[in-house]
2 protein chains.
Amino acid sequence: MFKINENYLKLPGSYLFSNIAKKVAAYKEANPDKEVISLGIGDVTQPLAPAVIDALHKAVDEMANAETFKGYAPDLGYSFLREAIQKYDFEERGVKIDTDEIFISDGAKSDSGNMGDIFGKDNIIAVCDPVYPVYVDANVMDGRTGTYDKDTEQWSDVVYMPCTKENGFVPELPEKTPDIIYICSPNNPTGTAMTKDQLQKWVDYANEKGSVIIFDAAYEAYISEEDVPHSIYECDGAKTCAIEIRSFSKNAGFTGTRLGYTVVPKELESNGTSVNALWARRHGTKFNGAPYIIQRAGEAVYSEEGRAQTKEQVAYYMENARIIVEGLKEAGFKVSGAVNSPYAWLETPDGMTSWEFFDYLLENANIVGTPGSGFGPSGEGYFRLTAFGSRENTLKAVERIKALKK
Amino acid sequence: MFKINENYLKLPGSYLFSNIAKKVAAYKEANPDKEVISLGIGDVTQPLAPAVIDALHKAVDEMANAETFKGYAPDLGYSFLREAIQKYDFEERGVKIDTDEIFISDGAKSDSGNMGDIFGKDNIIAVCDPVYPVYVDANVMDGRTGTYDKDTEQWSDVVYMPCTKENGFVPELPEKTPDIIYICSPNNPTGTAMTKDQLQKWVDYANEKGSVIIFDAAYEAYISEEDVPHSIYECDGAKTCAIEIRSFSKNAGFTGTRLGYTVVPKELESNGTSVNALWARRHGTKFNGAPYIIQRAGEAVYSEEGRAQTKEQVAYYMENARIIVEGLKEAGFKVSGAVNSPYAWLETPDGMTSWEFFDYLLENANIVGTPGSGFGPSGEGYFRLTAFGSRENTLKAVERIKALKK
C-alpha cells in the first residue's frame, strides 16, 4: 500500500481564515439584515494601477500574435523584471544584488511554503510568536517540528520567540540556537517593524551561529520611518546568512494577480554548498515560471507611472491605518503597529480572549477582524485589524467601534 | 550550522534542455550564417486563441475597477473554471468528477513536482524509461530514489519500466511492486498512447497492489484514435487508485500563460486517510492560486469559440506531426508516435547514439531535436522531434532531413 506523508496528520484543525469565514457565514445567515464589514484577512481592495492595467493589455496583445507570442519563460524569470527589481528595490537603497540572485515566482506564500524543500529535515526552526501560520505549517509538513502540544499550542522542536508589548513586539535572541530563523518585518500580524539596529543584531547572530534567516519583506512598501530597513541586505553581512522573500501583493495589489520573488545570495553557503544553486534547481524542476503577462505587469510596477500610482495606493491604505489607530485610541483601546505596516494590533479589552473579542465585535459592531491567538499563543489577548478595506468601510467600522464604548 | 537537503547533491549534472541550449548556442556562435530550426523542446509557437485573448482583456478590465477587482482566489480555484472542467473534460466523456476533486494550479510541472510532498519518503516509485525528467528529479529531492549509478544511469530504489520498440513503447507490469506509479499517456517523449485496455490493466494492477498511479495527461488533446482514453477515470476503478494531472499548455498554448489542474478523487485513500484532503491542505498552505485573469483565460478555452479555436491549433500541430512522420519515413527512418501526440520518436540511423545523432543533425541539417537518451537509458538510440514548430519551419526541416539521405 502506498504511504502518505504522516507529518500532514499532525497538523491541528484547519486554517485560521477558514474558521473565521465559517463564523462569519453563520452570523450572516442568522442576521441577513446586518451589514458586516471585514477588516480581517489581509486582502487588498483597490484596483490595479493604470500603468499595470496598460502593461497587462499590451502583453495580452503580444500573446495574440505568433511574432510576439511567448512560450516557456526563462527559469529565473524574465530579465526585464529582474533588472527592474535589481535597480529599484535594491540599487536605489544602496544594495547590490545580481540578477541571478533574484528568482521570480507566483508569490511569497509559495516561496515561503516551498523554501523548506532545499533544507535538511534536521534543522531547528525559530519563529516569532505570534506568526503568519504558513511558516510553521509548511515545516510541520516537512517533518521538522516534532510533536504538537494542544495545551500550549506549541510544537516540541520549534523555537518560539514571543513578541509582546513587554519587548515592543520585537523578538529577542533565543536561548536555544536555531538553524533556520523566520523573520517577517514589517510584521504580520503585529504590524511592528524592526529598526536597522535591531535587524543588524539578528544578522550578526545568524552569522555567528551559522543560522540562515528567511526574511519575509512582503510589507516593505508600508515602511514610513527612516531607521527601518526595506531589505535585510541593508544590514552588513546579510548576504552570508539571509534569504529575502518579496511580494507584489501588498505594494501593488497583486493578491489575485500572483507575483513575487525571492533573493538567494550567491554568498550564502552551508558547508561549501551554494544555497542559490539548490533553489535554482528546485525552481527549474518543480516550477515553470510566472505567466509572461504577469511578469510584464510586475515590470510596470517599477515604471515611473507605476511607482507613482502604487505609492498612492499604499498611501491610501496607510491613511486607513491612521484612521483605525486614531479611532481606536479615541475609543480607549491600546493599539500598536500600523505605522510601518497596514496592520493595527490592539489589546482586547476587559480581559476578553481574542476569540471572545472576535465574537463580541462581530455581534455588536458587525466587524470582522482576526483573533491574535490564531497566530500563536502569545497573540492571545490581541486582535488584528487591517487597513486594506475601502475608505468608506474603514470610516464606518471605526465609528461603530467608537459607538461600542459610549 | 544550518543543513541543506542532501538529496539535492545526488542529482547528476544539469537539466537536459540546458545542455541542448548550450550546444546550440555554441554552434550558432561558430556558424552565425546558418539558420537553425528547433524541433527540440516541447514549446508551442502558435498565438493564444482569439477567445482566450478576449477573455484576458475582459478580465484585465475587471481588475481595473474596485467593483469587479479580484483579490485572493478560492483555495481550489474559481468555480467557473472548475465547473467548465467538470463538464467538458469529464462529463462529456461519461466521467463524473466533483468540483472539489479538481485543484487549479499554475501548471502540470508544478503539480507533478510538488505531488511527492503528500506522500511518505518510503514509497517505491516506478517510472517509464525513457521518461519526462521531472518525475524522477522531484523524487530524488524528496529522498525516495536511493543512490545513482553513473554507468547504468539509474537510481537504486526506482523501478524502471522500459518502453522500447519490443513492447510497442507501452510499459509492462513490473516484477517488483511499486507504491507510486508514474504514467504519462499520450507519452512524452515516445509519443505513444495507451489504449483503454492497456490502461485498464494498470488500474486493476494498482487497485490489487494498493499502489497509486500519478497519471499525466498533458497531451490528451492530441489523441486521435477512438480506443485511447482521454482520462484515466474512463477506466473502471480508477478513482480508488489514480491522481490525474492536466495542463492547458499543449491543448491551448498556455506554456507561457501557466495553468493546469490536478484531480484527486475523494475515494482515493491510504489506510483510511483521504489523499484529497492532504492535497487540499498542501494547496492551501504552500500555494495561493493561479491568477484570476489566467483562470478566466482557462474558462474561455471551454467556450464554444474557444473549443473550436483550440481544436484548430491542435489540428495545425498534428498536421506538422503528419508531415514529420511521412517525411522521415520517406527518408528511410523508422518512426513511431505522432498519431495521438505531438512527438515523433525515431530510431537513430547507422548505430549512432542519441547524442551523436543530435550533433549530426545540428551540424548537417541545422536542426535541433532531443536525444532520447536524455530521457533515460532505454531512450538510447532514439530521438524526439516535436510538431510544435511553425508549418514553414517544419516543412523546411523535413526537406533538410530528406536531403541528408540523398
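All heavy atoms count here, side chains included; hydrogens, waters and symmetry mates do not. Source: prediction; values computed, not measured. Order of the sequence lines fixes the chain letters, A, B, ..., with proteins taken first and strands second; residue numbering starts at 1 for each chain.
Nearest heavy atom pair, residue B:Lys286 against residue A:Met141, reads CE-SD, 3.7 Å. Between A:Pro47 and B:Ala66, the closest heavy-atom pair is CG-N, 3.7 Å.
A donor-acceptor pair under 3.5 Å is formed between the side chain of A:Asp43 and the backbone N or O of B:Tyr72. Side-chain atoms of A:Ser270 come within 3.5 Å of backbone atoms of B:Phe2 as a donor-acceptor pair (strictly under, hydrogens ignored).
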What verdict does the side chain to side chain contact (heavy atoms under 4.5 Å, CB included) test give for B:Asp61 and A:His57, after you've listed the backbone C-alpha separation in whole Å, the side-chain angles of each residue and the deciding distance to 0.1 Å?
CA-CA 9 Å; B:Asp61 284 334; A:His57 279 306; 2.7 Å; yes
Given B:Leu48 and A:Phe69, is the side chain to side chain contact (heavy atoms under 4.5 Å, CB included) satisfied, shown in steps?
CA-CA 8 Å; B:Leu48 294 180; A:Phe69 175 79; 4.1 Å; yes
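No part of A:Ala73 comes within reach of chain B, as not one of its non-hydrogen atoms sits under 4.5 angstrom from that chain. Both the backbone and the side chain of A:Met63 come within less than 4.5 Å of a heavy atom of chain B. Contact of B:Ile294 with chain A is made through the side chain alone, with heavy-atom distances under 4.5 Å. With a threshold of 4.5 angstrom between heavy atoms, B:Thr257 approaches chain A through its backbone and through its side chain. The contact between B:Ala64 and chain A is made by backbone and side chain atoms together, counting heavy-atom distances below 4.5 Å. Proximity to chain A (any heavy atom under 4.5 Å) is shown, for B:Glu208, by neither the backbone nor the side chain. Using a 4.5 Å cut-off between heavy atoms, B:Leu268 touches chain A through its side chain atoms alone. With a threshold of 4.5 angstrom between heavy atoms, B:Asp111 does not approach chain A through any atom at all. Of the atoms belonging to A:Ala297, not a single heavy atom falls under 4.5 Å from chain B. Looking at B:Leu9, the atoms closer than 4.5 Å to chain A (heavy atoms on both sides) all sit in the side chain, from C-beta outward. For a residue to count as touching a neighbouring chain, one of its non-hydrogen atoms must lie under 4.5 Å from one of that chain's; by this rule B:Ala290 touches chain A with the backbone only. When heavy atoms are compared at a cutoff of 4.5 Å, B:Val52 does not approach chain A at all.
In this structure, B:Lys10 places its NZ atom where more than 12 heavy-atom neighbours from other residues, nucleotides or ligands lie under 6.0 Å away.
Highest contact tally toward chain B, considering only A:Gly116, A:Ser112, A:Ser110, is held by A:Ser110 [criterion: heavy-atom pairs under 4.5 Å]. Each of A:Arg282, A:Met115, A:Glu67, A:Gln295 has some count of heavy-atom pairs under 4.5 Å with chain B, and the biggest count is that of A:Arg282. The candidate from B:Ser390, B:Ala138, B:Ala49 with the greatest count of non-hydrogen atom pairs under 4.5 Å with chain A is B:Ala138. Note: A:Thr45 leads A:Thr45, A:Leu259, A:Thr68, A:Ile180 in heavy-atom pairs under 4.5 Å with chain B. With respect to chain A, the highest number of heavy-atom pairs below 4.5 Å among B:Tyr292, B:Tyr8, B:Phe254 belongs to B:Tyr8.
Atom CG in A:Asn123 sits 10.0 Å away from atom CG in B:Asn5 (nearest 0.5 Å). To the nearest 0.5 Å, the span separating CD1 on A:Ile118 from CG on B:Asn7 amounts to 13.0 Å. The CG atom of A:Asp106 lies 5.5 Å from the CZ atom of B:Phe287; values are rounded to the nearest 0.5 Å. Atom OG1 of A:Thr285 and atom CG of B:Leu11 lie 6.5 Å apart (nearest 0.5 Å). The CD atom of B:Glu6 sits 9.5 Å away from atom CG of A:Leu278, with the distance rounded to the nearest 0.5 Å. To the nearest 0.5 Å, the span separating CD1 on B:Ile293 from CD1 on A:Ile293 amounts to 4.0 Å.
A:Arg258 is not listed as a side-chain neighbour of B:Arg258, based on a closest heavy-atom distance of 4.5 Å or more. Counting only heavy atoms from C-beta outward, the side chains of A:Lys3 and B:Asn271 never approach each other to under 4.5 Å.
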